[in-house]
Amino acid sequence: MSLTREQMAMRVARELEDGYYVNLGIGMPTLVANYVPEGMEVMLQSENGILGMGPYPTEAELDADMINAGKETVTTIAGAAVFSSAASFEMIRGGHVDLTVLGAFEVDVNGDIASWMVPGKLIKGMGGAMDLVAAARNIIVMMTHADKHGNSKLLNSCTLPLTGSGCIHKVLTDLAYLEIENGAFILKERAPGISVEEIIAKTEGKLIVPDHVPEMTFA
Amino acid sequence: MSLTREQMAMRVARELEDGYYVNLGIGMPTLVANYVPEGMEVMLQSENGILGMGPYPTEAELDADMINAGKETVTTIAGAAVFSSAASFEMIRGGHVDLTVLGAFEVDVNGDIASWMVPGKLIKGMGGAMDLVAAARNIIVMMTHADKHGNSKLLNSCTLPLTGSGCIHKVLTDLAYLEIENGAFILKERAPGISVEEIIAKTEGKLIVPDHVPEMTFA
Amino acid sequence: MAGFDKVVHSYEEALAGLTDGMSMAVGGFGLCGIPENLIAQVKKMGTRDLTVFSNNCGVDGFGLGLLLQDKQISRIYASYVGENKEFERQMLEGELEVILTPQGTLAEKMRAGGAGIPAFYTATGYGTPIAEGKETREFNGRHYVLEEAINADFSLVKAWKADRYGNAIYRHTAQNFNPMAATCGKICVMEVEEIVEPGELDPAQIQTPGIYVNRLIQGTFEKRIEKRTVRQG
Amino acid sequence: MAGFDKVVHSYEEALAGLTDGMSMAVGGFGLCGIPENLIAQVKKMGTRDLTVFSNNCGVDGFGLGLLLQDKQISRIYASYVGENKEFERQMLEGELEVILTPQGTLAEKMRAGGAGIPAFYTATGYGTPIAEGKETREFNGRHYVLEEAINADFSLVKAWKADRYGNAIYRHTAQNFNPMAATCGKICVMEVEEIVEPGELDPAQIQTPGIYVNRLIQGTFEKRIEKRTVRQG
């Protein structure tokens, strides 16, 4: 069975470490915040200007002036800081954020990522994604292994306009956890019940399969 | 009679306009603050991080954490802002300060200024002066016409290491007020009782003397 | 108006001098912290052929989206288009020139414009379409793109409180692009929820010093929420 | 120390890992807002061959002047030498390499180092000895100098109050270079007058967010005044 969104978030959460400052992209990456291991503290950075983002507000706490980078109303935790967009990207571009998790349309064996535009069809804009991928030392791309038409999103070379070049080293899909090294995807873990053959079939980019590929665990 | 320091400050103060943000250099330029015309408001910027610098503190107000760019203890006025050095030079380098008054060792007909170093003898450092002269739209150099050995400080070409190049257009000395245009000093006003001949004698750089050179007034 | 009192009493006065073909740096992130009344005034004035620097372009019918409706904007520098159908339509059909700009680069370009820095290098966008036609350069083994400053004719910003001198503070994440936008326009117009007397705000806590602000006006704000997300309390 | 608690309990621990030949970005302007106890600890440690980035170098016998006495500093980037005889003597006699750096350029170079900007253009110093050996370039008819970022091994800074997470605020003009110095070191050590619990400081008023701070220590400060100027009250 391919992973649910929640299982994907649980697996990404295993990459967290105590004391990490983390930026979670809009959409699925946001779910990672729900699976921070017991006894571990991480602090969420939101690129519109929050360090120490908290949960959604109650009706009573709701405040139009307190939103996250996904434009959702949020709260801050005790010990948060709120600042300008320039100050926020000083942190991001200066490499001070420990982990960035974001989605993508495509990733390739060179560590290139495409996530902001499908020419002629869809232009979301890059928001802060280009800044995040250019600067972060530690990035996990979190996406489905194939698109809804069954086309692989792990390629030899991205076909869409890039968000960043040579910056991705870790990919978590609904089928596998892979790392990118020396121009290839290395299959590190497979989703429970997913065969190596299925992953090979759904990976267009050069894939290296070690002798033993363990099943993923979540805690 | 050559001007006293106070008269020089009074003459510079005539260049002030209501609502001006002004940076006054260390030393003599500081005196200008004492001669702001009645009914006019100017706000003093100090490059270590004050907009709205006030007078020296009373003994009771004295605070080691509140100093100006000359390292003197000061106060702030109501409606001041205090900020970082980077924020301070954003203002200065962005050209937001309306008037800068500073001292100099030499000024020349090209608008070059030297004020921070006499090789082998004296190195004060440039502090914020290079930033101020590079960015300000409106600068008045305030200095004696000649040094203590009688050598002119208004030259065809500065001999000392420069603070800025082509940036000075107005000079107030103890003998005259001059403007710099098209590679020459233009004698605009002379100190009361000082002859045009004396100014000519003490100005090494190319000097243009209009038919009529009025005596300076102070209010 | 004398000395440092920046207060104006009508939105007409606030935006006097804004004419066709000019550029505006506009604060806000999504609909948060946008100068909503200043934007509404631009709509009322019908100023056309505007160049806008703003992270987003509002939504259909609110914020800068109002100016898209009437095709008052010719060109916009923004990082994000999503959730604004008219914006996407005008862009895809070529009615509107959109220069998509990474969010951090946009913030830094505005700051640079205000700070007298004509250009800076950044890793953001290297190897992507954003870098096309721009100088790139290596420092210490990494590649960077040269990005130039943004300078605008007008700055339209929204703060929480300001004193009459224009010293301003922002509320929560409504700060976002406002402080940088405030610095990079020739004429900075700020609207606030409350104008206080000089001395009421702590000097060390001022986020936009009054030196940047030319005109200050007190307004009332709808503060529309784009995505209302709540939890059970 | 777990999670985000940055508090350390001794100056030894605060500066552990600072070794000969390293570089330090140090906050303060004159003697105002200097990390005086951290500097005293560097003197005690006897660390040598240091490269220092700091606007000034203290005075004879206080602040960074202490490190000059023992010749612990090999190289310093500063904007101002005046009022420090030993500094001037070591510089003129070539015992100390001094790279005089305009004050605004120094502040911006530290900020750039913390912000991932490897280099920027500035008008400051064009046509002066400061520009020698540096690239210059014209933008819109004005000349600019390319200046590179400062990155240091350690940041030594002084704030007023910080919470345990390192979120800090500064007092009056003791802010000066501290916020920029805090961002450009690999390990930022901050000393403060008071450590408070997370939540006690207003999030919107934080001047150095805790993400920049690695070690935090509470100290007591002499706060020597360099020029005591008073008026009759």
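Numbers restart at 1 for each chain; the letters A, B, ... are given by sequence-line order, proteins then strands.
Among residue pairs with one or both ends in residues 24-33 of chain D, none qualify as salt bridge (Lys or Arg N to Asp or Glu O under 4.0 Å); sequence neighbours excluded. Note on residues 112-130 of chain D: no pairs pass salt bridge (Lys or Arg N to Asp or Glu O under 4.0 Å), not counting sequence neighbours. Evaluation of the ring pair (Phe, Tyr, Trp, His ring centres under 6.0 Å) test over residues 178-202 of chain C, restricted to residues two or more places apart or in two chains, returns none.
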Every donor-acceptor pair from chain D to chain C under 3.5 Å, please, each on its own line.
residue: Glu108(D); atom: OE1; partner: Arg111(C); partner atom: NH2; Å: 3.0
residue: Glu108(D); atom: OE2; partner: Arg111(C); partner atom: NH1; Å: 2.8
residue: Arg111(D); atom: NH1; partner: Glu108(C); partner atom: OE2; Å: 2.8
residue: Arg111(D); atom: NH2; partner: Glu108(C); partner atom: OE1; Å: 2.9
residue: Ala119(D); atom: O; partner: Tyr121(C); partner atom: N; Å: 3.0
residue: Tyr121(D); atom: N; partner: Ala119(C); partner atom: O; Å: 3.0
residue: Glu135(D); atom: OE1; partner: Arg137(C); partner atom: NH1; Å: 2.6
residue: Glu135(D); atom: OE1; partner: Arg137(C); partner atom: NH2; Å: 2.8
residue: Glu135(D); atom: OE2; partner: Arg137(C); partner atom: NH1; Å: 3.4
residue: Arg137(D); atom: NH1; partner: Glu135(C); partner atom: OE1; Å: 2.6
residue: Arg137(D); atom: NH1; partner: Glu135(C); partner atom: OE2; Å: 3.4
residue: Arg137(D); atom: NH2; partner: Glu135(C); partner atom: OE1; Å: 2.8
residue: Ala204(D); atom: O; partner: Gln207(C); partner atom: NE2; Å: 2.8
residue: Gln207(D); atom: NE2; partner: Ala204(C); partner atom: O; Å: 2.8

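In this structure, the portions of Pro118(D) lying under 4.5 Å from any heavy atom of chain C include both its backbone and its side chain.
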